[in-house]
Amino acid sequence: MDGIRLTEAELGEGTLAEEEQSYGRVGVTFGDVGTTSLKFNVSSPVDKGEYIQIAHPDIGWVLGQIDKIERQSDLSVEKAKELNNGNEVDIDDTVIATVNIIGYRDDDGLLRIPGNPFRAGEPVYLAEEDLIRNVLGLKRTREGAFIGKLRGHDIKVNMNINAIAQKHLSVLAKTGSGKSYTAGVLIEEMLKNDVTMVILDPHGEYSSLAKPGKKRDSKKFDIEPRGYGEKITEFSPNPEINKDAQPLKFTFRSMDTKEILEMCGMSKRQTYVNSLENAKSKLATTQGDFTISEVIRLLKGNEEDNSTTLIKGLERLKEKKLFAGKGSRLDEIVNEGRASIINLRGTPPDMQGFIVDKLASSIFELRKREKVPPLILFAEEAHNFCPQRGKVECSDTFRTLASEGRKFGLGLGIITQRPAKVDKNVLSQCNTQIILKVSNPNDLKAIEKSVEGMTKGMKEEISRLPVGEAIISGAGLSEPLLVQVRPRETQDGGESVSVI
Ligand SMILES: Nc1ncnc2c1ncn2[C@@H]1O[C@H](COP(=O)(O)OP(=O)(O)OP(=O)(O)O)[C@@H](O)[C@H]1O
Ligand SMILES: [Mg+2]
């Protein structure tokens with residue numbers, strides 16, 4: 001029997017029977033047994049994704065995860081035909097699980113994989129919670145961002161906030177799978193930890209972070225409703241629609257000529273550059289500061305200059321009410337330990353690109369000079385701000401932030417329903433990923449390329465994830481984990497609207 005069953009000494013205290021009872025034996029290894037993967041025949045029901053533990057002759061308990069389960073049978077097509085005809089046939093079958101070995105912690109606390117194989121005929125047990133915690137590095141702690149619990153276990157998953165901020169984050173999922181909800185959970189945790197944030201919010205979904213959510217009767221999660229109104233300021237270029245928001249305004253003077261002409265949508269730009277430059281520099285010398293109205297007035301009074309089209313363009317731009325004598329202060333938008341929501345609801349998409357570009361590039365400049373605190377810039381519907389195909393106003397800025405932001409303490413949070421449509425140069429820089437259900441094959445490919453350490457089984461799982469479950473990778477976690485996202489403390493801003 002030696003080599004098949006562990007001796008009492010190898011198991012430590014207690015008899016084998018007791019150990020089996022407490023650990024829940026689920027099968028025995030067979031065939032070719034490796035160091036990183038092995039197979040066992042399943043004797044008690046287990047699920048794909050379940051954590052198991054198996055004793056290694058030199059190391060003791062090692063953690064693994066079931067990556068694949070299949071029933072192997074001797075049922076041939078001929079026999080299946082017989083069954084179809086109503087005849088009885090004998091079927092010999094057995095359920096086989098393939099395990100991906102995660103490893104063990106060595107004396108220095110480092111995650112290691114055994115250097116030589118496990119034994120064939122070794123019993124496999126459901127993993128004990130303490131072993132899962134220890135190997136996956138999920139400590140019982142209040143530190144970090146409590147995003148949810150390990151699927152099927154009462155084990156909290158806390159993401160390392162510094163790792164998120166320093167290495168950029170992406171939240172990826174098809175529409176309606178819970179991106180905004182999950183991003184909301186993460187932002188709640190960030191607010192609790194005094195992380196400075198700016199949230200680009202095209203649909204006005206994040207204002208609800210200020211309000212407490214419903215009381216939930218959840219056995220699994222003990223979440224008390226609360227609002228973060230005292231830590232959130234909302235800004236909007238369109239405060240008429242978004243009544244709770246402070247106006248987001250720019251000074252006309254801070255815009256360069258090229259930007260202004262692009263905003264006016266004037267195709268034959270070069271023709272107008274000189275007229276506009278002249279008007280601006282005249283006003284700058286005579287009165288220092290100036291407004292868009294003053295530039296229009298000056299151009300109108302300029303007899304010899306035929307600037308009718310330019311004036312019309314500027315008048316159209318003025319109607320958008322983006323400019324004011326006094327612009328919004330960036331040090332009020334990037335406010336230490338607080339979040340600013342840039343509510344872009346009601347702002348036309350072309351204007352959104354300009355606004356985001358101006359805002360993001362100015363914040364980055366100030367951050368480089370340490371005039372504003374380190375921050376995370378969340379971009380909801382990011383495929384619109386940094387598309388893979390074509391170019392929008394803020395495309396280049398996002399690329400720069402993705403490649404250089406982290407050096408200067410500016411982390412990105414990219415939220416999108418179309419990973420394949422986000423600039424790969426941006427997505428590939430996100431080392432922390434929260435992936436919810438995705439089914440589009442191109443999006444799945446884009447995700448597979450950008451996530452490290454995901455097993456084949458996990459990749460298959462992405463298209464089957466129920467709402468509220470996520471695969472989380474990076475953020476200080478040693479392995480990608482399947483997590484049941486915790487309920488929101490605040491109101492859910494993206495709740496589906498009932499038609500009837
Ligand atoms: N962890 C969760 N627990 C409970 N409900 C959730 C959870 N995640 C999402 N939901 C619900 O699922 C629905 C869709 O979520 P959400 O609006 O976050 O999706 P989305 O991916 O942002 O969609 P869209 O692409 O339309 O913006 C919402 O009604 C939300 O309340
Ligand atoms: Mg959403």
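Ligands are counted one by one from 1 in listed order, and the atoms in each one are counted from 1 as well. When a residue number appears, it is its place in the shown sequence, counting from 1.
Checking only distances, D492 does come within under 3.5 Å of ligand 1, N or O to N or O. Considering backbone and side-chain atoms together, A173 places no N or O closer than 3.5 Å to any N or O of ligand 1. For ligand 1, the polar-atom distance check against S177 finds a nitrogen or oxygen pair separated by under 3.5 Å. Considering both main-chain and side-chain atoms, T182 never comes within under 3.5 Å of ligand 1 through any nitrogen or oxygen pair.
No side-chain N or O of H153 forms a donor-acceptor pair with one of Q484 less than 3.5 Å apart. Looking at S180 and E380, their side chains do bring a donor and an acceptor atom within 3.5 Å of each other.
Using a cut-off of 2.8 Å, one finds that Y181 contributes no N/O/S atom close to the Mg ion (ligand 2).
Applying the 4.0 Å criterion to heavy atoms of G468 picks out, from ligand 1, the atoms 1 (N), 2 (C). Within ligand 1, counting atoms from 1 as listed, the ones closer than 4.0 Å to a heavy atom of K174 are 21 (O).
The residue H203 has no part lying near ligand 1, judged by heavy-atom distances below 4.0 Å. Residue contacts with ligand 1 for T175 involve both N, CA, C or O and side-chain atoms from C-beta outward (heavy atoms, distance under 4.0 Å). For Q417, every heavy-atom contact with ligand 1 shorter than 4.0 Å involves the side chain, none the backbone.
The closest approach between any non-hydrogen atom of E469 and ligand 1 is not below 4.0 Å.
Atom 27 (O) of ligand 1 has its nearest heavy-atom neighbour, among G178, S180, A183, in S180.
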Give every donor-acceptor pair under 3.5 Å between a side-chain atom in residues 34-44 and any protein atom, sequence neighbours left out.
from, atom 1, to, atom 2, distance (Å)
S43, OG, V26, O, 3.1
S43, OG, G27, N, 3.2
S44, OG, R25, O, 3.2

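For E240, the CD atom counts as densely surrounded, since its 6.0 Å shell holds more than 12 non-hydrogen atoms of other residues, nucleotides or ligands.
Side-chain contact between L436 and V171 is present, with at least one heavy-atom pair separated by less than 4.5 Å.
Using the six-membered ring where Trp is involved, Y125 and W61 have ring planes that are perpendicular, over 60° apart on the 30 and 60° scheme.
Comment: K391 engages D396 in a salt bridge, judged by a side-chain N to carboxylate O separation of less than 4.0 angstrom.
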- Item | E479 vs Q65, side-chain contact (heavy atoms from CB on, under 4.5 Å): CA-CA, chis, key distance, verdict | CA-CA 11 Å; E479 290 284 311; Q65 189 176 24; 5.6 Å; no
